[in-house]
Amino acid sequence: MRNLKLLKTLRGSGLQGPGSPQRFSVRADTGSLLVSSQYSITEFDPRTGQVSSEASLTADGFLPEDGTGLVVGLQDLSELESACLATASGDVILFNLGTRQLECVGSVDSGLTSMSWSPDEELVLLTTGQETIIMMTKDFEPITEVGVHQDDFGEGKFITVGWGRKETQFHGSEGKQEVRPAAPWDDRRPRVTWRGDGQLFAVSAVCPQTGARKVRVWNREGVLQATSEPISGLEQALCWKPSGSLIASTQRHPNKHSVVFLEKNGLLHGDFTLPFNKDQAKVKDLLWNSDSTVLAVWLEDMTAGEDGQVHTYVQLWTVGNYHWYLKQSLNFGRDPQKAPVCVCWDAESPLRLHMVTRTWTSITYDWGWTTERSPGLDDTDDASVAVIDGSKILVTTFRQRVVPPPMCSFELQLKSPVNQVTFLCRPHGTNQLAALTADGQISVYSQGWVCSKIKWLLSFPAECEDIRPRTFILIDCTINSFVGSGLLPTSSTLLMLHPAEDASDTLTVRSAKSEIEVDGVVVSMVQCCATGTVALQLGDGQIRRLLWEPSVEKWCDSSGCRINFPVPCVQMALCSISGEEHLLGLTDRSHLYAGDAELASNVSSFAVCNDFLLVTTHSHACRCLHLSSLSVKGLQVALASDGGQNDESLRRVERGSRIVTVVPQDTRVILQMPRGNLETVHHRALVLAQLRQWLDSLRFRETFECMRKLRINLNLIYDHNPKVFLENVKTFVTQLDSINYINLFLTELKEEDTASTMYPRPESSCVQSQPAPGQKKVDVVCDSLRSAMESMDPNKFCLSILTAHVKKTVPELEVALQKVRKLRENPPAAPGAVTAEEALKYLLFLVNVNDLYEHSLGTYDFELVLMVAEKSQKDPKEYIPFLNMLKSLEPNYQRYTIDKHLKRYRKALHHLSKCGEEHFPEALKLVKEQKLYSEALRLYTANGAQYKALSCAYAEHLVEQQQAEQAGLLLWRCGETIRALQAFASSSSWRNAICVAQQIPLPPDQLALLARDLAEKLTEQRRYSEAALLLDQYAKVRFSTAGQSLLLEGEKEETEQKEKALLSSHTKNCCLPPAVGTQVVFLEAQVATFTRHRARLAVVREQKQKARLDMLDCPDAELYSEASSVMTSSKYSQSNSRISSRSSKNRRKAERKKLSLKEGSPMEDRALMHALGEIITTVDKMREEVHNLLKALVLFQFDKQAEKLQVVYEEALQMMESAVPEVWPEGLPNNQAPLTGPNSTANSIMASFQQQKPAASQQGQSSFVLYPICAICKQTLRHESNVFGCNNLVHSPE
């Protein structure tokens, strides 16, 4: 859906050469033109008109002096630095461009009718007057000579397989009419054309038998390959498509005039009709450009006008989706002096066309591909794209529909061929378009809902005819900006045209200021719809800004530097990058520029829509980049990267895809494939940007439907901004107003934060997803939606409420089943309400039927169980006897049996404990099998026989787990002193063992023996002082050394105090409970202080970061930085002089004074970190004290107090563990770094090091206090060995 736009026209100054041009060729290396006439050959530069070399063809007799000579071929030979030309008299001449000498390299007596060189300039073909073809090398050595007319078909002759001859087949309405001979105006000369690779060539010649033209295809060796079928009305024009697929010619039918295409086997393959009547025009030549995208048709009228002259035309045709479009029409009028006599395409630039007129004027046209799309930014823009097709404009409005070309939404029919289309670039008016036709008229259309109507039909003013309009834009409804050729070849004239004040249909220049002479050739103009800025591009890439005075100024950036494109660009767009206006340009070599900065070098197309830049690359990817959040450097980096796994800016597309348009305020991107068909994609970046915008404005319905349609994970609705969603849950339910939509949203919920993983937020986004502390995301959303729906209409949203229960992380199936039961017992009276049968059927859809059956059994409601079982595939013979058996049991034992069947052992134990003492053996067996010792101890009284039995069983289990000390404590507290003594002895817990031995009590000799055994074990464990104490105090072993005696006395006194404390009832009743209270109050105070300091530290860091950014944004930031450096150095130099005179004690005191916790102090953040570190250290040092206290509490059966202390201490440790990464992040700048520099002294450096050590030690200490310390309590336990140097028990879920 691209059009050809004329970029510039170069008209060479009138060269007064001898005669009139007959042939010409373009030199690829210099760009100069070689023109031959009936008198001479001339090389000149079309830009300056300067003649480089010239030689007479009549001086040496190659052409007659009377001007009747004819040059039939001219070719530039770059390797030989010569030009080869052939004359009708039969001479082949080389013209040396360096020496300007002519040399005849061969002659044919019968004369020559044409000369054609192969594309690689290795072979040359000559057709002679005897209708033969001579093939020679580039050194003019003959290879072969064959006749043009051959009776044989060629090597590619078709094979008949028995389906009848062609003569017997049906031939349509023309029947078996004879082939019409060549037209009378045909010059009867052969036409030769080569395929792009030089392996084949085709010759069109008039057949002597039929008088009609035939096309024959030959290979490089001069062997005939194929002959075309008889084609009635085939004309002389012939050109082989460089890509090698088709040979173009023309055919005149009884009712139309067509360009036809032949395959290399001679068969017809497609055509298109020229926009002329049957006998109105004749085709002089067909010319393919070098990349096979444009076919030029050179025509002139067959009948002369009243003045005896004929019209001359050159039309440019392109193909897309098997339809041929007339993109440009050049009308040269009836003046024979202005009509071209030679036309050819440039070999290097595919869209450059050269012409030479009869008056030796050279004309060079440069075109570029462009897509004419409406530039609107809001939803009033229809995303229209206009395609030129001759005198019609095919308009497709992509906002309403996607219509594949050549079809369209509607057509605009004009009176003459259209050369350019442009849309009005003004907010809320971008659906208006204007067209410039080949006859200089402007048609302006305003689009309605049903059809488009013409608004103005304006003719180009007569006084501006010499300006030759080249391009224009529609600035306003009444203002048109035209660019035409200037007074000089290197200048342009810019006109601001308005409708005439007399209400006529002409445009006028209202004042002299409306005409501007621009120094340079303006090749393109572009206007920004948002700002109204108009930019001009000159032929050398310079950029100018059009002002409304009107005047033109140079384009500069915000700093005043001039900005120009390094090379000319064929497509431009204005956009804002990081708040600054930039001009983007794409060259014909796929380089994308933002001003003078190259963004990428592999871009095939681009478009700017709203704040996004979309580009397609030659690596088959479509990039979508957010301009407001990226700088020019950021764009370069983004376009050069390959993209990550979840990079929303990257999307793979089909090879060769190009952007047609982007629908504003939508997610659709229209791409066109190389063959011409369209594809609509919803680019992920546009989709997510639109969704985020809708979510910010609480448009949940549009968001949900878009996400559902484009398969975006629905978790983004919550993850985008959890706080806003939870605050507007009722709005969400009200807008969706669909049970199915709400259920779909609930079923897709998962714990993953999709705003961080699948759809990462833009870097500029300030919304952070913080999950609720201690809660899971799915549970929070389900509970919020359930509460909202229950408060709004529980009957209407019954199924959604059930879904909210079922989809929680731990499904609440029992609650859901209870709601179904209530529906069954109290059916709602509201019309359309959900029945119990429907609700149960829906639950069975969500949950596996076996799981639902088991959960219904867990409700102990047998009617509900039967109801679920009936909906399942279970055999009644299986579940009916089981249910009858359960009904016959005592209620508590019944529930025990159900819970055991469902493997809910804790509940089973709870119910079994209520069944009486006769079932205690069964309970004990269950406890041992499932290791439910803690739960069992809670269920029985402490002084009962069952409690003692459970404690003994638990102790046996602990001994098996190598936890003999804990087993001893359990046995001691339940009165099993002998077994407790054995447990303590095996675990080397000698103090507990001695206490138990004295409590039994043991005889002195047995006590001494026990002490020796314990001492031996302690010696093996290298606990020598404890072993010595045991031997001295209990085994009566005396030591001689005075120091050892003193040590043993101290240890002895300490041991006696501990034993008395353990055995004292006063300690049990008066000391332990207050100690627990003191520890709990202290821990809670530490946690409160820690939380307060942590919150304050976050605020201080945020304030400092903001101040630092403000300083960087300040224009005098460097000055402030230098001033602050001087102040800092002077301050420290003064303090250093004071520090050096102080003692170390005073120095430490001064350093502590600097770390003030007062709000607003300079080093408040460091003081807060120091205080937090001290709190962590303090809590860590309590571990041994808490451990011993817990053991004492457990021993004296203060289980509740022990559990409380354990929970408080564990929560404190966990809270501090989670805070460590926040307080001491990895990327935290090291403010404790030593102060060095020219103003530092040895004392100041050492002082800074001393400051650094405490902070480092605090961080180091915080790393090993992050483990919970536990003792025996009535909860499920697991064992971790030597977490803090001793065997401890910590909590874990079952």
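Salt-bridge annotation for Arg220 and Glu122: absent, with no side-chain N of the basic residue lying under 4.0 Å from a carboxylate O of the acidic one.
Using modelled atom types, one side-chain atom of Ser118 and one backbone atom of Leu123 make a donor-acceptor pair closer than 3.5 Å. Without hydrogens or angle criteria, Trp298 side chain to Thr312 main chain gives no donor-acceptor distance under 3.5 Å. Listed for the Asn564 side chain is a donor-acceptor partner under 3.5 Å among the backbone atoms of Ile543. Lys327 contributes a side-chain N or O that, together with a main-chain N or O of Arg2, makes up a donor-acceptor pair within less than 3.5 Å. The backbone N or O of Ser243 lies less than 3.5 Å from a partner atom in the side chain of Ser292, making a donor-acceptor pair. Remark: the backbone N or O of Lys338 is not paired with any side-chain donor or acceptor of Thr357 at under 3.5 angstrom. Under the 3.5 Å distance criterion, the side-chain polar atoms of Gln328 are matched with a main-chain donor or acceptor of Leu4. Looking at Ser619, its side chain never comes within 3.5 Å of a backbone N or O of Ala621 through a donor-acceptor pair. Listed for the Asp66 side chain is a donor-acceptor partner under 3.5 Å among the backbone atoms of Thr68.
Contact between Ser56 and Ala59 at its shortest, heavy atoms only, is OG-N, 3.2 Å. Scanning both residues, Pro119 and Arg195, for their nearest heavy atoms gives CG-O, 3.4 Å. Heavy-atom minimum distance, Ser249 versus Leu262: CB-CD1, 4.4 Å. Contact between Val217 and Trp240 at its shortest, heavy atoms only, is CG1-CH2, 3.8 Å. Among all heavy-atom pairs drawn from Phe201 and Met135, the shortest one is CE2-CE, 3.6 Å. Taking all atoms of both residues into account, the shortest heavy-atom contact from His257 to Lys282 is CE1-CA, 4.3 Å.
A side-chain donor-acceptor contact under 3.5 Å links Gln542 and Asp540. In summary, the side chains of Trp194 and Ser116 do present a donor paired with an acceptor at a separation below 3.5 Å, with no hydrogens or angles considered. Side-chain contact of Ser32 with Glu43: a donor-acceptor pair under 3.5 Å is present, judged by distance alone. Looking only at atom types and distance, the side chain of Thr137 has no donor-acceptor partner in the side chain of Asp139 under 3.5 Å away. Side-chain contact, Thr58 with Glu65: no donor N or O sits under 3.5 Å from an acceptor N or O. Side-chain polar atoms of Gln537 and Ser524 form a donor-acceptor pair below 3.5 angstrom. If you check the side chains of Thr127 and Ser114, you find a donor sitting under 3.5 Å from an acceptor.
The side-chain heavy atoms of Val297 and Thr250, taken from C-beta on, include no pair separated by under 4.5 Å. Side-chain contact between Lys214 and His149 is absent, with no heavy atoms from C-beta onward closer than 4.5 Å. Glu155 places a side-chain heavy atom less than 4.5 Å from the side chain of Val223. By the 4.5 Å heavy-atom criterion applied to side chains, Leu126 and Met136 are counted as neighbours.
In this view, Asp186 and Arg213 satisfy the salt bridge (charged side-chain N to carboxylate O under 4.0 Å, His left out) rule, not counting sequence neighbours.
Within a 6.0 Å sphere centred on CZ of Arg358, heavy atoms belonging to other residues, nucleotides or ligands number 12 at most. Within 6.0 Å of CZ on Phe140 lie more than 12 heavy atoms contributed by other residues, nucleotides or ligands.
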Evaluate Thr132 against Glu145 for side-chain hydrogen bond (donor to acceptor under 3.5 Å, both in side chains), listing each step before the verdict.
CA-CA 7 Å; Thr132 61; Glu145 181 176 0; 3.2 Å; yes
Can you list, pair by pair, the side-chain donor-acceptor contacts under 3.5 Å of residues 80-94, counting residues two or more places apart and other chains?
| residue | atom | partner | partner atom | Å |
| --- | --- | --- | --- | --- |
| Ser82 | OG | Leu80 | O | 3.0 |
| Thr87 | OG1 | Ser89 | OG | 2.9 |
| Thr87 | OG1 | Asp91 | N | 3.2 |
| Asp91 | OD1 | Ser107 | OG | 3.0 |

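Arg27 pairs with exactly one of Asp76, Asp45, Asp346 by the salt bridge (charged side-chain N to carboxylate O under 4.0 Å, His left out) rule, that one being Asp76.
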